[in-house]
Number of protein chains: 2
Amino acid sequence: MASITIIDIAKMCGVGVTTVSRAINNHPDISEETKAMIMKVIKENHYVPNNSARNLKRSASKTIAVLIKGITNPFFNRMIKVFDKEIQRKKYSFILQRVDDNQDEIEVAIELEKEKRLKGIVFLGGNFSHAKDKLEQLTVPFVLSTIGMTPGYEPHEYSTVSVDDFKESYKMVDYLCKLGHRKIAIITASMADVSIGRLRYEGYKQALEDNGLELNEKLVGRMKENIESYSMENGYVVTKELLESGEDFTALFAVSDSLAVGACKAIFESGKSVPEDYSVAGFDGLDITFYYNPSITTIRQPVEEIAEETIKVLYDLINKKITHAHKVFPAELIVRKSTIEPSR
Amino acid sequence: MASITIIDIAKMCGVGVTTVSRAINNHPDISEETKAMIMKVIKENHYVPNNSARNLKRSASKTIAVLIKGITNPFFNRMIKVFDKEIQRKKYSFILQRVDDNQDEIEVAIELEKEKRLKGIVFLGGNFSHAKDKLEQLTVPFVLSTIGMTPGYEPHEYSTVSVDDFKESYKMVDYLCKLGHRKIAIITASMADVSIGRLRYEGYKQALEDNGLELNEKLVGRMKENIESYSMENGYVVTKELLESGEDFTALFAVSDSLAVGACKAIFESGKSVPEDYSVAGFDGLDITFYYNPSITTIRQPVEEIAEETIKVLYDLINKKITHAHKVFPAELIVRKSTIEPSR
DNA sequence: TTGTACGCGTTATCAA
DNA sequence: TTGATAACGCGTACAA
């Protein structure tokens with residue numbers, strides 16, 4: 001069944017296509033009555049404009065795209081809601097694009113920019129280590145949200161909005177140290193990681209050092225490559241190994257809340273308890289840390305603020321008010337039931 | 001900066017646009033060397049075809065779309081992965097479209113169908129109560145996945161793949177009854193719900209009846225409209241009310257796992273414990289039910305199978321092997337630590 | 001094997 | 001306030 005087009009509508013109304021187009025797009029130069037008449041015919045015939053044709057013709061649409069790598073992350077859900085709200089408030093429309101783990105987000109972005117005539121792009125998640133010439137193909141402004149600074153780039157070449165992963169991670173480990181823990185294990189990203197996993201690990205190292213503790217490689221758990229990263233399962237498996245290694249520790253810092261949940265489970269299964277035998281701390285501030293039993297000590301990222309600021313920066317970029325920006329938000333250490341003083 | 005087009009490439013290569021098009025789309029009628037040469041030029045100039053133009057021109061693309069209402073649901077994440085895999089296996093491409101809570105998924109579908117020349121559509125989540133004439137505007141086959149039968153439609157008018165929400169819910173409540181519970185509370189959808197929330201509630205009622213128990217309206221908790229549906233927070237708030245109402249119960253059946261987690265938290269905060277004071281059961285089979293402390297008894301939906309079958313049905317629909325189908329998968333009662341015999 | 005020319009459905013330009 | 005018409009960038013008959 002051939003779809004009905006703008007031409008069909010024009011014929012049915014006895015007007016030119018231009019007029020129909022005007023009616024659809026709320027153009028000023030059209031009388032109220034012809035517009036009403038046209039809209040009525042459109043409704044009756046269920047005419048829906050073809051977006052491909054619109055995008056093709058339109059020189060610039062007011063749409064911005066959010067590319068997400070790793071949609072699994074519950075952390076992003078709240079951000080998306082804020083994006084949606086903020087973008088609508090600015091009368092822009094909003095496209096959410098999932099980027100597969102084995103897809104290159106920049107390539108997706110380049111394609112999308114042409115297809116949808118984007119005004120701006122937000123990148124969420126992922127490592128973002130890209131060749132420069134690729135990045136230069138992006139002609140619209142973009143913001144890296146909750147993605148740490150990327151080594152190898154000049155700060156003026158891109159914009160970011162995030163927390164200081166190093167500092168916040170330091171804060172947490174320092175808190176554990178001050179609590180009296182001297183054997184603090186960590187679950188972090190694989191060696192290759194250059195993004196937040198690395199930064200949080202560095203914070204851990206520095207905090208240990210500043211507290212006069214030596215780094216014990218045996219207490220550094222790395223996420224499994226073959227299991228979904230930052231997942232509960234990964235935390236579970238790595239903690240099991242840590243526990244079975246025989247290397248003693250009294251506290252465990254997981255670089256994400258989901259990892260922390262998995263860690264708790266592993267500890268329970270070994271017949272031990274949290275926090276009596278092991279203190280466990282997470283990072284991100286997911287809802288589950290509040291609902292878990294025991295509730296989990298974590299670093300709460302100000303998700304809403306980060307999302308809002310991301311959009312704000314993007315608009316400033318679009319309107320050329322700025323050329324780049326690196327906004328850093330403070331995160332909050334939330335002490336809950338999963339961490340206490342060491343018993344041994 | 002004006003984007004580079006296929007014409008530019010043709011000129012640079014000294015060939016016609018057709019030839020370039022052939023190179024891009026792997027058409028047979030082109031010599032290997034010219035193709036290689038063209039591809040090289042394309043690479044060097046970072047030429048990316050404009051998708052809008054392609055979609056506009058293409059009569060039919062091999063793409064299918066998955067529309068999700070309520071992307072928050074972690075339940076869908078695993079399904080999406082399977083969709084992705086299965087669709088790629090059939091050499092189709094795959095679009096994920098998030099549908100806002102206040103958006104009409106059918107309207108989104110209609111628009112998308114035209115824009116992308118879809119071959120088929122999968123609807124995930126939502127209530128799916130739509131006027132018939134709207135549904136008829138969809139000219140491509142579609143499948144409702146994990147969405148229960150919708151009253152008001154003839155079974156041959158649409159296709160579904162899901163579990164039998166009524167039966168599985170019955171199974172869970174029956175299990176609780178057999179355990180000896182006689183005061184079983186439920187957290188379910190609001191009265192208005194016509195979808196899974198309703199079906200699961202009906203299963204609850206029937207199981208009570210068959211076990212000689214009377215329905216106590218005071219033990220029926222309804223999700224709050226102003227809080228995200230099926231969320232931990234909703235379960236938490238509703239359970240608090242239930243607890244404070246003074247109406248005694250020994251078991252609580254939450255119609256989703258997230259609700260169950262929230263319920264457990266509320267119980268802990270009241271100074272009681274799970275399962276000693278209250279047995280708690282969920283529904284869906286999310287990972288968190290395994291990782292929670294105590295682990296939560298649930299009904300595990302065979303997510304992967306459902307997703308696979310959804311795609312299979314959709315392809316059969318596309319290839320006109322069938323006109324409609326209603327596949328129902330059995331779900332599994334997984335008994336964990338959160339449910340025991342009543343202590344009172 | 002290659003190239004020319006037209007059309008996909010829409011919006012912008014310009015003239016009426 | 002309207003309408004004819006030229007793009008937008010690509011794929012594909014059809015001709016060469």
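The basis for the numbers below is simple: all heavy atoms, side chains too, and nothing from hydrogens, waters or symmetry mates. Quick note on labels: first sequence line is chain A, next is B, and so on, each numbered from 1.
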Quick one: side chains of residues 37-50 of chain A, donor-acceptor pairs under 3.5 Å with protein atoms, not counting sequence neighbours, listed by atom name and distance.
from	atom 1	to	atom 2	distance (Å)
Lys40(A)	NZ	Glu44(A)	OE2	3.3
His46(A)	ND1	Gln137(B)	NE2	3.1
Asn50(A)	OD1	Ser52(A)	N	2.7
Asn50(A)	OD1	Ala53(A)	N	3.2
Asn50(A)	ND2	Lys114(B)	O	3.4

For this session: Let me see the working for Lys81(B) and Glu228(A) under salt bridge (charged side-chain N to carboxylate O under 4.0 Å, His left out), right down to the final yes or no.
Result: CA-CA 12 Å; Lys81(B) 282 194 191 142; Glu228(A) 192 180 319; 2.9 Å; yes
Taking NZ, NE, NH1 and NH2 as the nitrogens, is one of them in [X] or [Y] under 4.0 Å from a carboxylate oxygen of the other?
X: Lys69(B); Y: Asp104(B); value: no
X: Arg98(B); Y: Asp84(A); value: yes
X: Glu115(B); Y: Lys116(A); value: yes

[X] has an atom [atom1]; how far is it from atom [atom2] of [N], in whole Å?
X: Lys11(B); N: dT4(C); atom1: NZ; atom2: C1'; result: 14 Å
X: Glu115(B); N: dC8(C); atom1: CD; atom2: C1'; result: 14 Å
X: Glu32(A); N: dT2(D); atom1: CD; atom2: P; result: 10 Å
X: Lys114(B); N: dC8(C); atom1: NZ; atom2: C1'; result: 14 Å
X: Asp29(A); N: dA12(C); atom1: CG; atom2: P; result: 12 Å
X: Asp8(A); N: dC8(C); atom1: CG; atom2: P; result: 11 Å

Exercise. Counting only side-chain N and O atoms of Ser31(B), is one of them less than 4.0 Å from OP1 or OP2 of dT2(C)?
Worked result: yes
Exercise. Contact class for Thr34(B) vs. all strands (heavy atom < 4.0 Å): base, sugar-phosphate, or nothing?
Worked result: sugar-phosphate
Exercise. Within the structure shown, what part of the strands sits under 4.0 Å from Ile30(B) by heavy-atom distance: base, sugar-phosphate, or nothing?
Worked result: sugar-phosphate
Problem set entry | Phe123(A) and Phe142(A) aromatic centres sub-6.0 Å | yes
For this session: Produce a footprint string for nucleotides 10-16 of chain D: one letter per nucleotide, 5' end first; B if the base is under 4.0 Å from any protein heavy atom, S if only the sugar-phosphate is, - if neither.
Result: BBBB---
